[in-house]
Each structure stands twice: as C-alpha cells, then as structure tokens.
Amino acid sequence: MLDLKFVRNNIDLLKEKLLQRGSDLSLDEFIAVDGERRKIIQDVEDLRNRRNFVSKEVGRLKKEGQKAEHLMEETRVVKDRIKEMETVLEEKESALSAIILSVPNIPHPGVPIGKDSSDNPVAKRWGDIRQFDFEPRSHWDIGEELGILDFERGAKISGARFTLYKGLGAQLERALINFMLDLHASRHHYTEVWPPFIVNDTSMTATGQLPKFKEDLFKLEGRDYYLIPTAEVPVTNIHRDEVLEEKELPKRYVAYSACFRAEAGSYGKDTRGLIRQHQFNKVELVKFTTPETSYLELENLLLDAEEVLQQLGLPYQVVELCTGDLGFSAAKTYDIEVWLPGQGTFREISSCSNFEDFQARRANIRFRRSGKTKTELVHTLNGSGVAIGRTVVAILENYQQTDGGVVIPPVLRPYLMGKARIEKSA
RNA sequence: GGAGAGAUGACCGAGUAGGCCGAAGGUGCUCGCCUGCUAAGCGAGUGUAGGGGGAAACCUCUACCGAGGGUUCGAAUCCCUCUCUCUCCGCCA
C-alpha cells in the first residue's frame with residue numbers, strides 16, 4: 001500500500017510509473033473519492049465538535065442545578081445527523097481503501113523499463129554448463145525410472161499438480177531443506193523460525209496477497225483461514241503492529257514451509273514434472289531493515305540465496321525484473337534462474353525482492369530511531385533461499401549419468417548418510 | 001466441548017456509583033543539570049491516525065482504552081455480539 005498523501009500529491013508521477021508496470025489502473029476515481037471523503041470528514045467533525053461542546057454545557061448546567069432541556073434536544077438532532085454522515089463517510093472510506101489496496105508498488109528508479117520477462121536483463125551468470133555426451137533427459141523421466149518420483153500416484157491421491165516422493169527422493173527433499181536451513185541459520189546468521197502454514201486474512205492482506213490475488217490461494221471452507229503460498233506471509237507478519245528499536249535492525253529470519261498455490265490461470269503450463277505444483281517446499285529468507293540499508297540488504301540476500309546453488313554446483317543466472325514483470329508489492333526484484341539441461345533452459349528457482357515500506361504500511365511494522373520519538377516504517381525484503389522442488393529438478397537433470405543414475409552433490413551427502421549416488425533400485 | 005478471569009500508550013500498570021480521562025504512576029528512551037570514571041540523583045520532554053491552517057518549527061479540530069453494535073445530552077467506564085489470551089475440567093496428535 002502506498003501512502004495516501006503521497007498518492008494525492010504525486011498523481012502524475014504515479015500514473016507514469018503504473019504505465020511502466022503495464023497497469024491500466026486509472027487514478028481518476030481515487031481523486032474523486034478522496035475529495036469527497038475529505039469534504040465529508042470536515043462536515044462530520046464539525047458536527048461532532050458541536051455535539052461535544054453542547055454535551056459539556058449540559059454537564060456544567062446540571063452541576064449548577066439548572067435546566068438543560070433545550071440543549072439536550074439539540075444534541076439529539078445533531079446525533080442523528082452525525083449518524084447519517086458517518087454512514088456516507090464509511091462508504092467513501094471503504095471505496096478509497098479498496099482503490100489504494102489495489103495500487104501496486106512503485107518500481108525503484110534503477111529498475112529497467114520493459115514490458116515482460118523477455119525484457120529482463122541478465123545481471124550475472126555463474127557456473128559452467130555441462131556438456132553431455134548423451135541427450136539429457138527431463139527430471140520426470142529420471143525420477144520415475146529411479147522410482148523416487150511418482151506422479152501417477154500423486155494424481156490419484158490428490159489430483160493434477162501433486163507428486164508423491166519416494167525413498168531417496170523423499171530423503172533428498174528433506175536433505176535439501178536441512179542443508180539450506182543450516183546454511184542460512186548458521187553461516188548467514190538468520191534466525192530460524194517454524195511458522196504456521198495457515199494464516200488469517202489480516203496476514204494475507206498485510207503482505208499483499210489479498211485482496212487482489214484471492215484466486216491464487218487455497219481458502220479453508222467456512223473459515224477465515226488460508227493455506228500460505230509462501231513463508232513470506234507468516235514470517236513478515238511476525239512483527240505486524242509492532243514498533244521495533246533501530247538497534248534491533250536488520251532482523252533476519254529463515255523459515256522452511258510447505259507452500260500452497262491454486263495456480264489458477266496456469267492450466268496447460270508446466271503440466272509435467274515438479275516445476276509447477278499445488279504444494280511444494282521452500283526455504284524462505286525475510287528481512288526487516290531501515291530504509292537506508294534495504295538495498296544493500298537486498299544485494300546480500302541475493303548473495304545468500306546464490307550461495308545455495310554454488311555449494312550445490314548448479315549453474316545459474318541472475319536476472320533483474322523489468323518494470324513490466326515486477327510483482328505487485330515489489331519495488332525491485334532479482335530472480336535466480338537455474339540451468340535445467342532436460343529443458344534446455346534457465347528456470348526461476350528464487351525470487352529476491354525489496355518491498356520498501358509497501359508491506360510495512362499495510363502491516364503497520366515500524367521502528368524508532370534511537371533518540372527520536374517519531375516512528376518510521378521499516379523496509380521488508382524476502383527471497384527464496386531456495387525453492388526445494390525445483391532444486392530437486394536441477395539436481396536430477398544436471399547430475400544425471402549415462403546409466404540413468406544421479407550423482408548426489410558432495411555438500412548433501414552428510415545429510416543422506418554418506419550416499420554419493422541415486423541408483424536404479426531393483 | 002464445559003466453567004471462570006482478563007484485553008488500556010514502546011513496555012508495566014491505575015482508572016468501572018458515566019462528564020474535569022488521551023487517559024495517574026512507573027519502566028524505557030531523549031535533552032539538560034549534577035557527581036572528577038561507573039552507579040546513583042534532579043528537572044523537562046516522550047502515542048497513533050485523519051481533517052484544516054502555516055514556507056516551516058508548529059497550531060487547531062476529530063477519532064482511537066481488543067473489534068463491532070447499542071443505551072445516553074455525554075461512555076475506557078453501562079448493555080449485547082465477536083475475536084484473542086490465561087486458569088480449571090474433558091478430549092486428543
């Protein structure tokens with residue numbers, strides 16, 4: 001959410017920025033409703049002022065033993081009038097908040113201007129792409145043949161976009177979760193948390209999933225509960241409605257969670273394999289920072305996520321999202337894309353964003369500078385560190401062997417009882 | 001699921017025979033004084049949001065004592081509903 005006054009005073013700038021994002025949102029309605037609202041506020045407050053004043057008079061007169069009937073009658077009338085006006089005011093306020101909640105964040109000035117993902121510049125590349133002396137296969141073929149991924153039974157148990165992991169497949173998933181949590185918690189000094197995977201709609205609104213992206217979420221029937229699409233939601237909400245001390249910042253958290261996404265509107269996309277699932281695992285990094293350090297912290301967050309892939313020996317590239325590809329709440333985003341030989345392409349495995357104060361304003365997360373009484377909004381950041389399922393995909397495809405086996409990256413072996421390969425089991 | 005207690009500012013905590021309460025007191029924090037360091041002491045300041053005015057410091061108005069409704073001329077204080085927390089009982093990974 002953007003600041004109301006900022007929007008009011010920067011309509012033209014905002015229109016330009018929205019256009020860069022490819023948003024056709026018109027702000028004319030905002031201007032109209034905002035004006036009406038302020039007019040009504042004045043009227044209501046004048047009436048309330050009158051009521052308060054007269055009530056005090058009544059109290060004073062009564063104390064002196066005088067009659068105050070005529071004044072009491074006046075407030076009765078004023079009261080009804082106030083009630084009418086308040087109803088109108090409520091309508092305007094909810095209309096205004098609906099508008100302001102649907103306005104996306106403003107891209108950081110450094111963000112490249114572009115239409116869609118094809119305009120995202122590559123910021124860096126890491127690792128050598130392996131040259132195969134055979135035709136590299138896709139992870140779904142490798143996984144099924146090794147008996148570690150069972151797509152048919154996943155579909156039987158639940159439906160499309162659900163997968164059953166078996167044996168070393170299940171253990172590999174678990175090993176990756178532990179490896180990433182350990183790396184970030186011990187080496188990168190994030191505080192490890194284990195959040196709820198179900199949250200209420202206040203939390204969803206705070207991070208920006210609601211009200212605009214309801215169709216992407218799984219909601220529990222008859223309850224104000226949603227399955228989280230990412231640990232970003234519960235972890236960012238840890239400090240909702242809190243005032244932090246400047247010296248506590250930056251706060252860094254790492255969390256594992258299962259993630260649930262309805263994937264409405266992506267029918268036909270990535271229908272095979274693990275790439276796009278309704279349920280997947282992810283290790284997420286979240287930071288709360290001061291405004292002046294958030295972009296430095298974004299660079300560090302990106303490096304922390306990159307190190308996961310470096311240690312696993314998986315080649316990747318980092319792209320900078322252009323204005324047209326930027327997510328709703330983000331001011332700046334880097335995507336890390338891992339190389340998938342089976343697909344012959346780079347695929348997103350992590351997304352690292354600075355939301356500046358966009359989420360903090362919705363979530364009311366503030367901090368106080370030492371020596372100051374005023375509070376300010378913190379900046380929030382998050383990034384995948386990284387997506388587990390897609391890491392499995394990358395390992396299977398990058399480390400596949402001629403005989404159909406898969407070599408396990410050395411850093412993971414301690415997590416898999418020393419095992420060095422996944423072989424076809426009899 | 002049953003019975004009871006509670007929800008007040010960054011934090012702790014007064015305030016329920018309705019008006020003088022945006023709210024005592026304390027802690028914390030900031031500034032100043034004082035003590036040759038440290039500790040202690042003294043004085044002052046210190047909520048949020050919105051509207052109006054001002055170049056600005058700031059002034060002014062309105063709202064907010066878990067949320068929403070009600071009673072009343074007037075509610076943190078009375079009534080109703082909901083949410084959450086705690087204690088006891090039951091059930092249960």
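For the numbers below, each heavy atom of this structure counts, side chains included, while hydrogens, waters and symmetry mates do not. Order of the sequence lines fixes the chain letters, A, B, ..., with proteins taken first and strands second; residue numbering starts at 1 for each chain.
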Trainee: I need the full list of salt bridge (Lys or Arg N to Asp or Glu O under 4.0 Å) pairs touching residues 275-291 of chain A, with sequence neighbours left out, sorted by first then second residue.
Mentor: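 Listed once each, the pairs are E263(A)-R276(A), D270(A)-R276(A), K282(A)-E284(A), K287(A)-E297(A).
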Trainee: How about E152(A): does its CD atom have over 12 heavy atoms from other parts shown lying under 6.0 Å from it?
Mentor: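 Check fails, neighbour count at 12 or below.
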Trainee: Roughly how far apart, to the nearest Å, are rG13(B) and rG28(B) at atom P?
Mentor: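 Each nucleotide's P atom is 16 Å from the other's.
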Trainee: Got a sec? Which of residues 77-97 of chain A come in under 4.0 Å of RNA chain B, heavy atoms?
Mentor: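 Only K79(A), K83(A) qualify.
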Trainee: Residues two or more places apart in sequence or in another chain: which of them pass ring pair (Phe, Tyr, Trp, His ring centres under 6.0 Å) with H139(A)?
Mentor: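 Expected list: none.
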Trainee: Under 6.0 Å from the six-membered ring centre of Y226(A) and within 45° of its axis: does the NZ or CZ of K219(A) meet both?
Mentor: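 Flagged: K219(A) positioned over aromatic ring of Y226(A).
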Trainee: Enumerate all atom pairs, one protein N or O and one N or O from nucleotides 8-11 of chain B, separated by less than 3.5 Å.
Mentor:
| from | atom 1 | to | atom 2 | distance (Å) |
| --- | --- | --- | --- | --- |
| rA10(B) | O4' | R368(A) | NH2 | 3.0 |

Trainee: List in chain and number order the residues that pass side-chain contact (heavy atoms from CB on, under 4.5 Å) with K79(A), two or more places apart in sequence or in another chain; answer none if no residue qualifies.
Mentor: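 K79(A) satisfies side-chain contact (heavy atoms from CB on, under 4.5 Å) with no other residue.
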Trainee: So if I apply the side chain to side chain donor-acceptor pair (under 3.5 Å) rule between S353(A) and each of D335(A), T333(A), N105(A), which one comes out positive?
Mentor: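 Per the side chain to side chain donor-acceptor pair (under 3.5 Å) rule, the option paired with S353(A) is T333(A), out of D335(A), T333(A), N105(A).
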Trainee: Applying salt bridge (Lys or Arg N to Asp or Glu O under 4.0 Å), can you list everything that pairs with E299(A), at least two apart in sequence or on another chain?
Mentor: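 Residues passing salt bridge (Lys or Arg N to Asp or Glu O under 4.0 Å) with E299(A): none at all.
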Trainee: Quick one: salt bridge (Lys or Arg N to Asp or Glu O under 4.0 Å) partners of E192(A), sequence neighbours excluded?
Mentor: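 None.
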Trainee: With the threshold set at under 4.0 Å for non-hydrogen atoms, list the residues of residues 60-73 of chain A touching RNA chain B in residue-number order.
Mentor: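 Only K62(A), K63(A), M72(A) qualify.
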Trainee: Not counting sequence neighbours, list each pair that qualifies as a salt bridge (Lys or Arg N to Asp or Glu O under 4.0 Å) and has a residue in residues 193-202 of chain A.
Mentor: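 Not a single pair qualifies under salt bridge (Lys or Arg N to Asp or Glu O under 4.0 Å).
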Trainee: Taking atom P in both rA49(B) and rG9(B), what distance in whole Å separates the two?
Mentor: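 That atom pair is separated by 15 Å.
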Trainee: For T75(A) and for K5(A), find the nucleotide of RNA chain B with the closest heavy atom, then tell me which residue's nucleotide is more 5'.
Mentor: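 Closest to the 5' end, via its nearest nucleotide, is K5(A).
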Trainee: Between rG4(B) and rU60(B), how far apart are the C1' atoms? Round to whole Å, please.
Mentor: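 The same atom, C1', in both gives a distance of 47 Å.
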Trainee: Can you check nucleotides 53-61 of chain B for protein contacts, nitrogen or oxygen pairs under 3.5 Å, and list what you find?
Mentor:
none

Trainee: Under the rule for salt bridge (Lys or Arg N to Asp or Glu O under 4.0 Å), what residues qualify as partners of E93(A), not counting sequence neighbours?
Mentor: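 In terms of salt bridge (Lys or Arg N to Asp or Glu O under 4.0 Å), with neighbours along the sequence ignored, E93(A) is linked to R37(A).
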Trainee: If we count only N and O atoms by modelled type, under 3.5 Å, do the side chains of Q66(A) and E64(A) hold a donor and an acceptor together?
Mentor: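 Looking only at side-chain atoms, E64(A) and Q66(A) do form a donor-acceptor pair, the distance falling under 3.5 Å.
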Trainee: Who passes salt bridge (Lys or Arg N to Asp or Glu O under 4.0 Å) against E245(A), sequence neighbours left out?
Mentor: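 Salt bridge (Lys or Arg N to Asp or Glu O under 4.0 Å) check on E245(A) returns nothing, list empty.
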